[in-house]
Every structure is written in structure tokens, then in C-alpha cells.
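Reading through the C-alpha cells given below for one structure.
On a predicted model such as this, the values are computed, not experimentally measured, just so you know. Chain letters run A, B, ... following the sequence lines, proteins first and then strands; every chain starts at 1.
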Amino acid sequence: MNLDKKIYKKLLEVPKGKITTYGELAKAVGMKNGQRAVGKIMNKNPFPVIIPCHRVVKSDGKVGGYAYGEEIKSSMLTLEGIQIKNGKILDLENRIYRF
DNA sequence: GGTCCGGCACCAT
DNA sequence: GATGGTGCCGGAC
């Protein structure tokens, strides 16, 4: 299976209301330092509707970027019950989904 | 808290 | 093929 496919599949494991980080996701598919690669792959993701790339945030707790805009991403997360303050995830440790 | 550089897959030369 | 630039980052300084 392609690496990107693996990433997408892993990401689908993240339940609604939970999030993960680029680093975690990268490690989950075997890339120790592939955070940036993950970001690029997310940006190129072929199924934007199916792939919940808005559930992936930066390891410092910030929301991070998003192909359709960070506000959109924040809104989506908020709708899923995740609280955000000034672009930062509140109660991060409690929201992170670990594979 | 801001900047810099490392690191990795992808795509266009 | 090989090479260089790039991107929803991360960690160090």
C-alpha cells in the first residue's frame, strides 16, 4: 500500500471529537520525521470530504494550516466539540487520539 | 516568542 | 532516471 494511502487510513481511525498531530500521524505510518511530508500529502489528499484532515493539528497545540483556510478548519473542529482559543486547541492532551 | 534548519515524500523540470 | 523546489511541520536555538 502506498504511504499516502496508509496515512489516510490512519487518519480515518481518529474518531469525531478527537484529533491527532502531524508528528503522531507520521510516526504511525513509520516516518519518524515525516511531519512535513504528511502535511504535503494532506494538502494533496484526493478525498477532502472523506478524509478528516481538519482533525490533524500541530504538536504545539495550534490548529495549523488548512487547504481551505484555517478558519474553516477551526469551525469544523468546534462543531465536533473541540474548543479553540486564538487558534490553539484547548485541553489538548485530552483531545489527542493516540494510535 | 520568533527564527532557522533539519527532514521526507511528491512533483515538475 | 536524477535533481531541486515545495509543503496544513517539529525541534532546537
May I have the step-by-step check of side-chain contact (heavy atoms from CB on, under 4.5 Å) for A:Glu13 and A:Phe99, ending in yes or no? CA-CA 8 Å; A:Glu13 290 181 19; A:Phe99 297 101; 3.5 Å; yes
Nucleotide C:dG7, atom C1' - distance to CG of A:Asn33 in whole Å: 16 Å
Closer than 3.5 angstrom, by distance alone: can the side chain of A:Asn43 be matched with the main-chain N or O of A:Lys40 as a donor-acceptor pair? no
Is the backbone of A:Lys88 close enough, under 3.5 Å, to the side chain of A:Asn86 for a donor and an acceptor to pair up by distance? no
Here the distance between atom C1' of C:dC8 and atom OH of A:Tyr8, to the nearest Å, is 12 Å
Given DNA chain B, 5'-ward residue of the pair A:Gln35 and A:Met31, judged by closest heavy atom: A:Gln35
Given atom CG of A:Leu11 and atom P of C:dC8, what is their separation to the nearest angstrom? 15 Å
Could you give the CD1-to-P distance, from A:Ile41 to C:dT6, as a whole number of Å? 18 Å
Who pairs with B:dC10 - Watson-Crick or G-U, where each distance is under 3.5 Å: C:dG5
Between residues 46-79 of chain A and DNA chain C, which residues have a heavy-atom gap below 4.0 Å? A:Cys53, A:Lys58, A:Ser59, A:Gly65, A:Tyr66, A:Ala67, A:Lys73
Could you tell me the boundaries of the chain A footprint on DNA chain B, defined by atoms under 4.0 Å from its heavy atoms? B:dG6 to B:dC10
Comparing nearest nucleotides in DNA chain B, the 5'-proximal residue of the pair A:Asp4, A:Arg36 is A:Arg36
